[in-house]
Structures are given as C-alpha cells and as structure tokens.
Amino acid sequence: MINERLVRKDDYTWEIAKDETLGMRVPGRIFLSDALMRFLEPAAIQQVANVATLPGIVKWSLAMPDVHTGYGFPIGGVAAFDATEGIVSPGGVGFDINCGTRLLATTLTKEEIEQEIQTLTTKLYESVPAGLGSKGSLRFSEKELDQVFLRGAKWAVDSGYGDAGDLKHCESNGCFDGADVSNVSPLAKKRGMPQLGSLGSGNHFLEIQFVDQIYEEREASVFGLRPGQVCIMLHSGSRGAGHQICTDYLKLFQKASQKYAIRLPDRQLACVPADSRDGRSYFSAMAAAANYAWANRQIMSYRVRDVIEREFSTGAGLVYDVAHNIAKLETHHIDGERKEVYVHRKGATRAFEKDESYGVAQPVLIPGSMGTASYVLCGTTKAMQTTFGSTCHGAGRVMSRKAAKRQLTWKGVTESLRQKHITLKTDDLSAVPEEAPEAYKPIDEVISVVSALGISKVVARLVPMGVIKG
DNA sequence: ATGTTC
C-alpha cells in the first residue's frame, strides 16, 4: 500500500522516502493537515512518487495541500528539473496551459453595489462570453493571432485592451519570452482564433467579491486593498488553443520518450530532455499558449472595466495576475548553489518572496470553490527554500464530476448560494453541481496549511456576491 | 481543463 510509505516529518509535512527499487531519484513531499489527510487519494500519492523518478528532478517531488489526482502528474504538484540534465513534460503543466487567476479592485464598496448586484452580475454575464466552446466575438487576422501567441497581454494592451500599468502587475508582465508560433499546430491556432476573450467552462469563473477581512495591513495597502472594497476575480486559461497544444505534444512525446530512452512508470508522464529539439519545441509552444491565456484575461478585464465604467462611472485597477499551470526556467538556491531549473507548477502558484511589480512580496491569488471565500496572499522566503517559491492554487476537488452530479442538484446548489446572498449566472445549469462547494476541499483549511507552513502569508479574504460560471 | 474518445 502506497499510503503506508507516507511518513510524517512535522505537523504539515509528509514524506515518501526515496526508494531506488521504484526508480525514485528524490523523496516525495506532501503538505497536509490532519483534516485534509482524509481527502488524500492513494493514486495522488503514487503520482507524487512517479514524478520523483523523472530524469533531472531536483530535491523533492512536491504536492500542495489542495493535491488531487491528475493526468500523470498530480494537480497541486510542483517539480523542478535540472536545466541541462532534466526533462520537460506536458503532463507537468496540464491541459489548460496558464490557467490562472486575476484580481481587479474597484473604488466601490460592498454597500454601494448591494442593491445592484443582480443587474451588475447580469451585465457582466452579457459582456464576458462564458461556457463550453464560447467565442470571444473579436475579429482579427491570423497575423494578429501570431502576435497574441508571441506577446500575450502586451499585445492586448497595445491593441487598446488596457494600459501599460496592467503589465506591471502581472506575473512575467503578462508575456512569456521564447514563444515560437511555428511550433503551434494549425489546429491549435484554429481553435484559438474564435475563443480569445472568453471565460470557458468547468471551474472557470468571474466573481464579484468584496474584501471581507485584512490580515496584513502593510501588504494589503501596497496591493491597494481595503475592507468592504468590491473586487472582480477572473479564473480562466488558454481555452481550446492550450488544450490542443498540450494534446499535440503529449502525442508526440509518447514516441519521443522512447527515442530518448526515458523509462516511465506511467505513460501519462511522457517527457523529453529540456535541452533537446523536442524539449525546446514544447517549451516554445507552451509559452505561446501561456501568452494566449494572458491576452485572454486582459481582454476580459477590458470588458469588465467597460461594464463598471458604464454602470458606476468608475474604474478597476489590476491587483495582480498569476499562472497556476505553467513550467518556467528559474534560478533557485539549492544546497548552497544557484541552479537553473525548469519548475513545473501544475495547479500550484508561484509565491516569490520578492516581486518587481510592487517591490514587496509577490501577490498570490487563490480562488475558493463557487460560493466560498477566495484569498490574497503573498510569497515568502520559506517558499523559496522549501517549495521552489510555490504555494497552493485553490480548494482542489474531492468529488469527481460524475459523483457530484449524482449527489447534488442545480436547484439545491443555487438555493444554498441564494441563502448566502450570492447571485449565480450560468448558461449550463447541469454543470452547477460539479462546481458546488461540497465537491471541493474547504478552502479555509487549505489556506491555513500554507500559512502555517509559512510558504505564503495571508493578506486578505474575499467573499463572493455574484458568480458567473461557464 | 476540453468542439468531454485519436
């Protein structure tokens, strides 16, 4: 039993000892409280151990407290691979490349919009296309789409969807260097073309929230957050384009893994050396998808601001934008040495101790499940030392989509939201049970673990008033 | 997550 291999290191750290008979090159580490332990799937533990077998992995195969089973790599997983000896893997990034969270802060207070929440939610719903296969209703040329892939949010800002200040408050300034459009398939481009500026489906959402509580006055003030303030949170990614890019390279790497004689405990871990033609090709296509996602969130921000401006004659500044499905080449201090590594964060958020955008710790945005709180945190030194500057990304599923549909109804879920004074707008009621709070871990517990571990610091708690689901 | 099975 894989469960029996898990050894407690301290209150919140569990270790899977390095076992060379299993091909593990490093130990695994899972960060959990006792309360979250009951949600831990044996398959997810196995996935943490499997990742530890991949070539060039450095220090540990990690899983955050919102961990659950994913495609090959666990969701909530963090793994760093040596830049010259290591691999890159599409399964370590996920299908929704640069799925991420963005927070806009308005000048409005909760009281000012309480009576208008229905109208505001409806207006935003009409303005930001949502749902499976939703289209962004933008018209642009193929040449422009190439610019989206190459320049991300910078393209969007240059095209009039925001201002230069937005780029400053975006992870990687909303633009991933090294994208190469020639490594993006015609099908990925075709799927991406009509969808730019749309939310998507599943756990993607747009929420009208208010700042319920501030925990760190200094950081909150630097990030421009104050009690009672109305914020807009967006959770979306690279839509069909990123999904297709992931699919394309998974297929290619099934064969390429053999070419490079990489032994895999699970075919879903398909990977290639980072420093190879195939590795560079995937990385440049992944960068293109990441840029698409940043442009996508930038365009949706423009539409949100348009509604806020029309309804309330006021603006909404960008607090921050984080990626939580991405691989990045970063320098980390490992065993007293500076080392270049490809950090794969799949359902995990960068949490650097310092960020150029505010000159203090990096803002971290963690959405809860539908109808529950979301959090603004910030990065820490401890994260740099123990998690390659990473933290959790959300609540994490506990119930399969199928199980949720079996056990819950859209009426029941909508009613319990109504009792919490939360308005819901969606074009697909049948998908509502899948996103119910009961289908997810308790976000407050997940946050308390990353806070207690010290891998991020809680700055503010946000509570939803209106929810738009794809 | 996703024109939900290449």
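For the numbers below, each heavy atom of this structure counts, side chains included, while hydrogens, waters and symmetry mates do not.
For A:Leu250 and B:dT5, the CG to C1' distance is 15 Å, given to the nearest whole Å. In this structure, A:Tyr249 places its OH atom 19 Å from C1' of B:dT2, rounding to the nearest Å. We find that OH of A:Tyr71 is positioned 13 Å from C1' of B:dT5, with the value rounded to whole Å. The distance between atom CG of A:Leu199 and atom P of B:dT2, rounded to the nearest whole Å, is 9 Å. Rounded to an integer number of Å, the gap from A:His235 NE2 to B:dT2 C1' is 14 Å. Between the P atom of B:dT2 and the OH atom of A:Tyr292 lies a distance of 11 Å, rounded to the nearest Å. Atom NE2 in A:His243 sits roughly 9 Å away from atom P in B:dT4 (whole-Å rounding). Taking atom CG of residue A:Asn296 and atom C1' of nucleotide B:dT2, one finds them 14 Å apart after rounding to whole Å.
No engagement by A:Gly237 is indicated, since no non-hydrogen atom pair under 4.0 Å with the nucleic acid exists. Within 4.0 Å (heavy atoms only), A:Glu434 reaches no atom of the nucleic acid at all. Residue A:Leu132 is classed as a base contact, given a heavy-atom separation below 4.0 Å to a base. Contact annotation for A:Ile75: no contact, since no heavy-atom pair falls under 4.0 Å across all strands. Backbone-only contact: A:Gly240 has heavy atoms under 4.0 Å from sugar-phosphate atoms and none from a base.
Between A:Ser238 and the choices A:Asn98, A:Asn291, A:Asp96, the side chain to side chain contact (heavy atoms under 4.5 Å, CB included) rule is met once, by A:Asp96.
When each of A:Thr247 and A:Glu435 is assigned the nucleotide of DNA chain B with its nearest heavy atom, A:Glu435 is the one assigned upstream, toward the 5' end.
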CA sep, side-chain torsions, deciding dist, call: A:His324, A:His235, side-chain hydrogen bond (donor to acceptor under 3.5 Å, both in side chains): CA-CA 10 Å; A:His324 54 225; A:His235 178 215; 3.2 Å; yes
Only distances under 3.5 Å count here; give the side-chain donor-acceptor pairs of residues 403-414 of chain A to other protein atoms, sequence neighbours excluded, each with its distance to 0.1 Å.
| residue | atom | partner | partner atom | Å |
| --- | --- | --- | --- | --- |
| A:Lys405 | NZ | A:Glu434 | OE2 | 3.0 |
| A:Thr409 | OG1 | A:Gly412 | N | 3.0 |
| A:Thr414 | OG1 | A:Trp410 | O | 2.5 |

Report all side-chain donor-acceptor pairs from residues 51-63 of chain A shorter than 3.5 Å, counting only partners two or more places apart or in another chain.
| residue | atom | partner | partner atom | Å |
| --- | --- | --- | --- | --- |
| A:Thr53 | OG1 | A:Asn50 | O | 2.6 |
| A:Lys59 | NZ | A:Asp335 | OD1 | 2.8 |
| A:Ser61 | OG | A:Val48 | O | 2.7 |

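Checked by atom type and distance alone, the side chain of A:Ser198 never pairs as donor or acceptor with a backbone atom of A:Gly200 at under 3.5 Å.
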Pair pattern of DNA chain B in dot-bracket, where unpaired bases get dots and | marks partners in another strand, Watson-Crick or G-U under 3.5 angstrom: ......
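The two residues A:Arg297 and A:Gly237 have their closest heavy-atom pair at NH1-CA, 4.1 Å.
For the pair A:Arg418 and A:Glu415, the salt-bridge criterion is met [side-chain N within less than 4.0 Å of a carboxylate O].
Taking 4.0 angstrom as the limit, A:Ser201 places none of its side-chain polar atoms (N or O) nearer than this to OP1 or OP2 of B:dT4. In terms of phosphate contacts, A:Arg401 brings no side-chain nitrogen or oxygen within less than 4.0 Å of OP1 or OP2 of B:dT4.
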